[in-house]
Amino acid sequence: MSLPETVIPALDYPMLPVAGTAKKFPVRRIWCVGRNFLEHIRELGNDERQPPFFFAKHADMIVPSGATIPFPGLTKDCQHEVEMIVALKSGGANIAPEKALEHVYGYGVSIDMTRRDLQMASRKKEQPWEIGKSFDNSAPCGPLRAASEIGHPAKGKIWLNVNGKERQIGDLEQMIWNVPEIIARLSLQVTLGAGDIIMTGTPKGVSALAPGDRIECGVDGLEPLSINIA
């Protein structure tokens, strides 16, 4: 069956590389978990009794490892948040926690780039966070590792350095919600599907970036990620 003629060029899904192969993982949606590491909640002065919640980024905001990106506009306080990502091979609604890992293709490393000053201003006005979280180049992502190869990481160091100096360090076992709980809870909010990726939260140590910075980050057992700020 021939494809319909489109009034603008048809759009392609952004792709993430799969480490050790020539294959690619097409990204449908990006979901992010807010407030999933206790020390990060405390460093931002948030109420640690509130449960984690979810927000989204657009898939075309993905940046591959090794890229150089411009310092974002409208902000004087762009901050880094290193996170482990979960890539889904299938999905559904109302997924039971004990079935959640059956939907996982693999894992990778990402940075939730955040215009913190704009995020905080929106929060004070009780407005949506998009201006602080969802902007061009705000989702650097490294190559994926298949769960069939590495299993399902539940502990291990997560870290980020800027210009060779340690900024963030933590352990996956410090997450308030683990991966099965995240998938199950998110599937109550939206029907998940193949190609969705989930950023699972960041440890303490978030701080401001500047033009000329080089960022390197990783999670034990996964491919590291690096980007440069122009």
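Worth saying up front: this structure is predicted, and the values here are computed from it rather than measured.
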> Is a donor on one side and an acceptor on the other found under 3.5 Å between the side chain of T114 and the backbone of D112?
Replying inline: yes
>> Tell me whether T202 contacts the main-chain N or O of E83 through its side chain, where contact means a donor paired with an acceptor under 3.5 Å.
In response: no
>> Can you confirm whether the side chains of S187 and N94 place a donor and an acceptor under 3.5 Å from each other?
In response: no
>> So does Q174 get a backbone contact from the side chain of D171, meaning a donor-acceptor N/O pair under 3.5 Å?
In response: no
> Checking S226 side chain against I215 main chain: does a donor-acceptor pair fall under 3.5 Å?
Replying inline: no
> So, K155 and D220, do they make that salt bridge, N to O below 4.0 Å?
Replying inline: no
> Given L186 and I198, is the side-chain contact (heavy atoms from CB on, under 4.5 Å) satisfied, shown in steps?
Replying inline: CA-CA 9 Å; L186 181 55; I198 306 170; 3.9 Å; yes
>> Check this for me: R185, atom CZ, are more than 12 non-hydrogen atoms of other residues, nucleotides or ligands nearer than 6.0 Å?
In response: no
>> If the threshold is 4.0 Å, N to carboxylate O, is there a salt bridge linking R28 and D196?
In response: yes
> Short question: side chain of Q168, backbone of V82 - any donor-acceptor pair under 3.5 Å?
Replying inline: yes
> Any donor and acceptor pair, going by atom type alone, linking the side chain of S138 with main-chain N or O of S134 inside 3.5 Å?
Replying inline: no
>> Pair I229, I69 - check side-chain contact (heavy atoms from CB on, under 4.5 Å), show working.
In response: CA-CA 5 Å; I229 309 296; I69 63 174; 3.9 Å; yes
>> Checking salt bridge (charged side-chain N to carboxylate O under 4.0 Å, His left out) between E81 and each of K133, R167, R115, R35, which is the one that passes?
In response: K133
> Between the side chains of Q79 and S207, is a donor N or O closer than 3.5 angstrom to an acceptor N or O?
Replying inline: no
> Under 3.5 Å, side chain of N36 to main-chain N/O of V33, donor-acceptor pair present?
Replying inline: no
> Is K89 close enough and on-axis enough to F25, meaning under 6.0 Å and within 45°, for cation-pi?
Replying inline: no
> Are any non-hydrogen side-chain atoms of I158 and V109 less than 4.5 angstrom apart?
Replying inline: no
>> Pairing donors with acceptors under 3.5 angstrom, does anything connect the side chains of R214 and N228?
In response: yes
>> I'd like to know whether the aromatic ring centres of F53 and W129 sit less than 6.0 Å apart in this structure.
In response: yes
